[in-house]
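In what follows, a single structure is set out as structure tokens and then discussed.
Counting starts at 1 for both ligands and their atoms, in listed order.
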Amino acid sequence: MSDARQAPLKIAVAGLGTVGASVLKLLDAQASLIEQRCGRRIEVVAVSARSKGKDRGVDLSKVQWFDDPVAMAAQSGADLVVELIGGSEGPARDTVATALETGKHVVTANKALLAVHGTEIAQKAESRGLTVAFEAAVAGGIPIIKGLREGLAANSVSEIHGILNGTCNYILTEMRTTGRDFADVLADAQALGYAEADPSFDIDGVDAAHKLAILASVAFGTPVDFSSVYIEGIRQVSAVDFDYADQLGFRIKLLGIARRTEAGVEQRVHPCMVPKTAPIASVDGVFNAVVAQADFADRVLFVGRGAGAGPTASAVVADLVDIARGRSTPTFGVPSDRLGAATPSPMEARRGSYYVRLMVVDRPGVIADIAAAMRDQNVSMEQFLQRGRSPDEGVPVVLTTHDTEEAAMQRALATIAASDSVLEPPRMIRIEQF
Ligand SMILES: NC(=O)c1ccc[n+]([C@@H]2O[C@H](COP(=O)([O-])OP(=O)(O)OC[C@H]3O[C@@H](n4cnc5c(N)ncnc54)[C@H](OP(=O)(O)O)[C@@H]3O)[C@@H](O)[C@H]2O)c1
């Protein structure tokens, strides 16, 4: 080992919130283990956050403080900058750019930044011989990036799907087990700290979509393409859908799915019904899970905590250990100039089956009209459930279809929605047969 490898790896940490403070605590608590594993120490030389006076439960007396993380990236004398501020623009983006421009490696947990600017950041790093590592950006404590990029490096991956947002999984699990409505469970999740005061990034599927775009790039060797992800969140899932799902043998999960098809690369985030027997169906609460379909290794399932101080810090420090050991991997597993362009497959081309819930007036001919709207689009029904009767009043009707194309399903639903006998907009959840 050369002398340079023996010198401590000097790091500067931008952002001392949930993750940043936890990274400092972990580095302190595991210092001797990390030194043993890396053959050198990891030394924090500088930090930056907004409020200098805030008690973060860590000793900052021996490190240099910067009010401005961009100045820290340029001037701290560190070998590496850890970016834990968050957001796709502003100080996080500027800190990462400055770190790379001044010759420093970067470790980040920032999925929004990588989903939007990942390819450009990878190019900047690789052209300077620097590493950008981001294990913590996807599924927190689960080593999914290393799992795909290193563990499955000998495989071609055709599909990846997963529960990528713990807040949504917690809400859906609570709705199923308690029978409560979405708004009620969301309020509880906020009180418990599982959901943000502004929960829209989580519950509208954007956070899962950021992670999916990164995963798809690593899995398929293609540039990160967040703008092609179809995104639908969980606001429309109702308590009654869980009863019907149960009767039909399904669980409801918000999934991110990326698949290579003949039409191109599908990337989509939306609520799904999955068979109760699918391994992912029993991953509940705040847990995340990712399944990869690989040609030689076959199906691989990763499960663990997708967020939280400890699991996320664990992933950040694993990246620091890699860099301290002198290990460098192209950012997305393939040198950025060799990422193969992919044609996005539009959502309308999705093939699969569907669950549809309608509120209809209970009178003769209504069911025949619904069946005709489906038949006219070549959509074939598989199951039909009608609970109770209430002549001339609203009754819920649920149906599932055989495999069909999304575009045909949407046309059938538009016809059904326009009928006088249909009292509410139809609710549709896609069925995924994993
Ligand atoms: N929390 C998780 O479980 C988790 C899991 C996976 C990935 N991540 C990602 O990790 C990153 C950090 O998340 P977090 O939960 O730790 O966020 P957080 O608790 O909100 O912390 C953000 C930190 O950034 C600092 N900051 C904000 N604007 C700044 C600026 N202009 N200049 C300097 N410092 C600034 C804040 O300073 P003050 O403390 O002084 O306000 C705070 O210390 C995000 O990209 C997030 O997506 C988080």
Side-chain angles (χ1 to χ4, degrees), residues 12-26 44 46-58 60 63-74 76 81-99 106-118 121 132-145 163-170 189 192-202 206-211 213-215 226 286-288 290 304-319:
V13 180
L16 297 173
T18 306
V19 183
S22 184
V23 164
L24 296 195
K25 286 177 198 161
L26 194 161
V44 181
V47 295
S48 175
R50 271 178 307 209
S51 153
K52 190 173 181 183
K54 199 189 271 186
D55 178 10
R56 303 168 192 278
V58 286
L60 299 175
V63 299
Q64 201 181 351
W65 174 274
F66 284 85
D67 287 326
D68 176 5
V70 179
M72 180 183 76
S76 61
V81 173
V82 185
E83 184 280 302
L84 300 169
I85 295 172
S88 65
E89 311 298 330
R93 186 180 181 195
D94 296 343
T95 299
V96 167
T98 304
V106 169
V107 170
T108 179
N110 189 338
K111 51 249 170 178
L113 176 70
L114 290 167
V116 179
H117 302 295
I121 290 170
V132 174
F134 54 89
E135 183 61 70
V138 182
I142 306 175
I144 182 62
I145 301 300
I163 297 170
L164 300 174
N165 185 275
T167 304
C168 288
N169 206 37
Y170 172 82
L192 287 166
Y194 292 151
E196 304 278 337
D198 175 2
S200 51
F201 251 45
D202 290 322
V206 178
D207 175 76
H210 283 148
K211 296 167 185 168
I214 297 169
L215 280 180
F226 172 67
V286 295
F287 278 80
N288 283 21
V290 181
R305 291 191 182 273
T312 311
S314 155
V316 169
V317 176
D319 282 338

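Those atoms of ligand 1 with a heavy atom of Leu16 less than 4.0 angstrom away are 23 (C), 42 (C), 43 (O). Below 4.0 Å from some heavy atom of Ala307 lie the following atoms of ligand 1, by number and element: 3 (O). Taking a cut-off of under 4.0 Å to the non-hydrogen atoms of Gly308, the atoms of ligand 1 that pass are 2 (C), 3 (O). When each atom of ligand 1 is checked for a heavy atom of Ser51 under 4.0 Å away, the hits are 40 (O). Listed by number with element, the atoms of ligand 1 under 4.0 angstrom from any heavy atom of Ala136 are 6 (C), 7 (C).
Considering only heavy atoms from C-beta on, Ile145 comes within 4.5 Å of Val138 through its side chain. Contact annotation: the side chain of Leu24 approaches that of Val44 to within less than 4.5 Å [non-hydrogen atoms, C-beta and beyond]. Annotation: side chain of Val286 is in contact with side chain of Tyr194 (closest heavy-atom distance under 4.5 Å). Side-chain contact between Phe134 and Val107: absent, with no pair of heavy atoms (C-beta onward) separated by less than 4.5 Å. Residues His117 and Glu89 form a side-chain contact, since some pair of their non-hydrogen atoms from C-beta on lies under 4.5 Å apart. Contact check for Val82 versus Thr108: no side-chain heavy atoms found under the 4.5 Å cut-off. Inter-residue side-chain proximity for Val81 and Val13 is flagged as unmet; no heavy-atom pair is nearer than 4.5 Å.
Using a 3.5 Å distance cut-off with no hydrogens or angles, the side chains of Asp198 and Ser200 do pair a donor with an acceptor.
Look at Asp67 and Lys52 and you find no salt bridge, because none of the NZ, NE, NH1 or NH2 atoms lies under 4.0 Å from a carboxylate O.
The protein atom (non-hydrogen) at minimum distance from atom 5 (C) of ligand 1 is Thr312 OG1, 3.2 Å. The nearest heavy-atom contact from the protein to atom 45 (O) of ligand 1 is Gly86 CA, 3.2 Å. Counting only heavy atoms of the protein, atom 48 (C) of ligand 1 lies nearest to Val19 CG2, 3.5 Å. At the shortest separation from atom 39 (O) of ligand 1 among protein heavy atoms lies Arg56 NH1, 2.7 Å. Counting only heavy atoms of the protein, atom 26 (N) of ligand 1 lies nearest to Ile85 CG2, 3.8 Å. Shortest contact from atom 34 (N) of ligand 1 to any protein heavy atom: Ala49 CA, 3.3 Å. Of the protein's non-hydrogen atoms, the one nearest atom 9 (C) of ligand 1 is Ala109 O, 3.3 Å. Nearest to atom 12 (C) of ligand 1 among the protein's heavy atoms is Leu84 O, 3.3 Å.
Looking at Gly15, Pro311, Pro91, Gly17 and measuring to atom 21 (O) of ligand 1, the nearest heavy atom belongs to Gly17. Of the listed residues (Thr18, Val23, Val70, Val13), the one carrying the non-hydrogen atom nearest atom 19 (O) of ligand 1 is Thr18. In this comparison of Arg50, Lys54, Met72, Lys111, the heavy atom closest to atom 7 (C) of ligand 1 sits on Lys111.
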side-chain contact (heavy atoms from CB on, under 4.5 Å) evaluation trace for Arg305 with Phe287: CA-CA 5 Å; Arg305 291 191 182 273; Phe287 278 80; 3.9 Å; yes

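Counting protein heavy atoms under 4.0 angstrom from atom 37 (O) of ligand 1 gives one or more.
In summary, of the residues considered (Val96, Ile121, Thr98, Thr95), a side-chain contact (heavy atoms from CB on, under 4.5 Å) with Val106 occurs for Val96 alone.
Only the side chain of Pro69 comes within 4.0 Å of ligand 1, counting heavy atoms alone; its backbone N, CA, C and O stay farther away.
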